[in-house]
Amino acid sequence: MSQQVLLRITGEVAKPLGLTFDDLSAVDDDYQFPDVSRLLPSRKGDAVILAGLLSLAGAKDSARYLGLHSSTDNFHASIPLAPVREKALVIYRLEGKPLATSAGGPVRFYIPDHARCHSDEIDECANVKFVDHIELTAERGLDNRPQDEEEHQRLHEGQT
Ligand SMILES: Nc1nc2c(c(=O)[nH]1)N[C@H]1C(S)=C(S)[C@@H](COP(=O)(O)O)O[C@H]1N2
Ligand SMILES: [Mo]
C-alpha cells in the first residue's frame, strides 16, 4: 500500500519522480508542515511545502508554471510558480494515514492566502483536490477551472 505511487512530478525537472506515501513522509523536516489547521481550522492533515518537492525533483529554471492535475475528476489548474513555491502546501497525511479521496486525497493542494474564486490566476479554485500529478511547464498549461460565476455555480452544485 505504502509502495503505491500517489503523486508524479514531471515536466521541467532534472529528475521526474513518482512519490509514495512513505516518500512524502520522508521529505526533510525543513519542508514538513504538520497540522494545516493552524492556518485554517477547517483544513485538516499534514503537508509538505511545495518547495520541498521541487527541490527533490530538481526543478529547472525554465519551470515557470505549476500544473495541478486530478485524474479522479479531470480537474486541472495551471498557475504561475514563483508566487506559490515557498508557501503552497501539499496535504498528504491525515491521522498518520494517506489522505483518503473523501478528504481530497491522494494529495490536496492548498495556497494559504489565495484570492477569491476566478478573481486571479492564483485563486481558491486552484486549491486542487485529488491531485495525482504535478507538472512544471515553461508556459501556461491545461487549465479547466470555471471561468465565470455561472460555471462555478454549476461545478459546486455537482459536489457536496
Ligand atoms: N479536483 C478538484 N479540485 C477542486 C475542484 C474540483 O471541482 N475538483 N473545485 C475547486 C474549486 S472551484 C474550489 S472553490 C475549491 C473548493 O474547495 P472546498 O471543496 O474545500 O470548498 O476546490 C477547488 N478544487
Ligand atoms: Mo472555486
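First listed ligand is number 1; within each ligand, the first listed atom is number 1. One is the number of the first residue; the rest follow in order along the sequence.
- Ligand 1 lies within reach of R108, whose nearest heavy atom is under 4.0 Å from it.
- Annotation: side-chain hydrogen bond (donor to acceptor under 3.5 Å, both in side chains) contacts of Y110 (sequence neighbours excluded): none.
- Interface of E124 with ligand 1, defined as ligand atoms under 4.0 Å from a residue heavy atom, comprises 13 (C), 14 (S), 15 (C).
- Shown here are the ring-ring contact (aromatic ring centres under 6.0 Å, His included) partners of H114, two or more places apart in sequence or in another chain: there are none.
- Using a 4.0 Å cutoff on heavy atoms, H156 counts as a contact of ligand 1.
- On a distance-only criterion, H152 and ligand 1 share no N/O pair closer than 3.5 Å.
- Taking every heavy atom of S70 and a limit of under 4.0 angstrom, the matching atoms of ligand 1 come to 1 (N).
- Taking a cutoff of 4.0 Å between a charged side-chain nitrogen and a carboxylate oxygen, D113 and K87 qualify as a salt bridge.
- Under the 4.5 Å side-chain criterion, counting only non-hydrogen atoms from C-beta, L7 is not in contact with Y92.
- For ligand 1, the polar-atom distance check against R43 finds a nitrogen or oxygen pair separated by under 3.5 Å.
- Atom CD of E150 is surrounded by 12 or fewer heavy atoms from other residues, nucleotides or ligands within 6.0 Å.
- Geometrically, ligand 1 and D73 share a nitrogen or oxygen pair separated by less than 3.5 Å.
- The shortest distance between side-chain heavy atoms of V90 and V131 does not fall below 4.5 Å.
- Here is the list of ligand 1 atoms found below 4.0 Å of a heavy atom in L155: 7 (O), 9 (N), 12 (S).
- The heavy atom nearest to atom 22 (O) of ligand 1, out of those in D123, N127, V128, is found in N127.
- Using a 4.5 Å heavy-atom cutoff, the side chains of E135 and H69 are in contact.
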